[in-house]
Amino acid sequence: MAHLTPPGSAASIIIGRGITEATRGSLKNTLVAVDDVVAARGELIEKGIDVSEVFHFADGSFLRLGNEARLPGLHPERASYFSLASLSDPDGNEWLLQEVTTRAPGR
């Protein structure tokens, strides 16, 4: 089991066997907020993790299921919440890195 807490974060992720009864591969688009999606992607790649290229959505949404309307690269204005990268863990769960530099009110 691994308990991961990003530096300065109030949130943690626990990864390991026997933590949940969820079916492998059942988690889709679990968001992980990062302050720099390019740097976070680079750190994961250095550790041997396959991460997609950074992308944003053509229609200006910050989250869509599937790959339709994905455009390569950072959001043109690098607006908070709109630049993403995706990866899958060894159990087939899908994760999204979401760049959040300025939080929306109430978050």
Side-chain angles (χ1 to χ4, degrees):
M1 177 172 61
H3 187 167
L4 310 168
T5 304
S9 177
S12 297
I13 299 170
I14 298 175
I15 300 172
R17 295 187 186 277
I19 295 169
T20 180
E21 294 179 4
T23 304
R24 289 181 175 197
S26 64
L27 296 176
K28 306 287 185 208
N29 296 320
T30 302
L31 291 171
V32 177
V34 297
D35 59 3
D36 184 332
V37 71
V38 174
R41 179 181 179 273
E43 287 179 37
L44 291 169
I45 289 171
E46 283 178 11
K47 294 177 184 193
I49 298 170
D50 185 26
V51 184
S52 77
E53 295 294 328
V54 174
F55 63 90
H56 63 283
F57 291 106
D59 63 3
S61 66
F62 71 88
L63 181 59
R64 289 181 148 275
L65 298 178
N67 294 332
E68 66 278 349
R70 281 188 182 186
L71 293 176
L74 294 163
H75 182 269
E77 298 167 20
R78 203 156 185 182
S80 198
Y81 297 98
F82 293 91
S83 296
L84 306 127
S86 62
L87 62 134
S88 295
D89 66 25
D91 288 328
N93 298 306
E94 297 173 9
W95 300 80
L96 286 173
L97 302 176
Q98 181 183 46
E99 186 171 271
V100 180
T101 54
T102 303
R103 294 213 174 257
R107 301 214 162 120

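Every value quoted in this text rests on a predicted model; they were computed, and no experiment measured them.
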How long is the gap from [atom1] on [X] to [atom2] on [Y], to the nearest 0.5 Å?
X     : Y     : atom1 : atom2 : value
Leu97 : Leu44 : CG    : CG    : 6.0 Å
Gln98 : Asp35 : CD    : CG    : 12.5 Å
His75 : Leu84 : NE2   : CG    : 10.5 Å

Can you give me the closest heavy-atom contact between Val100 and Ser80, atom names plus distance?
CA-OG, 3.3 Å

Quick check: closest heavy atoms across Ala40 and Val34, and the distance to 0.1 Å?
CB-CG1, 3.9 Å

Report yes or no: does Asn93 contribute a side-chain atom to a donor-acceptor pair with the main-chain N or O of Leu27 at less than 3.5 Å?
yes

Are Ile49 and Trp95 joined in one hydrophobic group, where the rule is that I, L, V, M, F, W and Y side chains link up if heavy atoms are under 4.5 Å apart?
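The answer is yes; both residues are in one hydrophobic cluster.
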
Assigning hydrophobic clusters by single linkage (Ile, Leu, Val, Met, Phe, Trp, Tyr; side-chain heavy-atom cutoff under 4.5 Å), is Val37 placed with Leu71?
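Per the 4.5 Å side-chain linkage, Val37 and Leu71 are not co-clustered.
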
Side chains of [X] and [Y]: does their closest heavy-atom pair fall under 4.5 Å?
X     : Y     : result
Leu74 : Val38 : yes
His56 : Pro76 : yes
Phe55 : Leu96 : yes

Do you see a donor-acceptor pair shorter than 3.5 Å between the side chains of Ser52 and Ser86?
yes

Under the salt bridge (Lys or Arg N to Asp or Glu O under 4.0 Å) rule, what pairs show up with a residue in residues 71-80, not counting sequence neighbours?
Asp36-Arg78, Arg78-Glu99

Salt bridge (Lys or Arg N to Asp or Glu O under 4.0 Å) pairs touching residues 44-56, sequence neighbours excluded, are Arg41-Glu53

Which residues satisfy the side chain to side chain contact (heavy atoms under 4.5 Å, CB included) test with Ser88, sequence neighbours excluded?
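Checked Ser88 against side chain to side chain contact (heavy atoms under 4.5 Å, CB included); matches are Glu94.
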
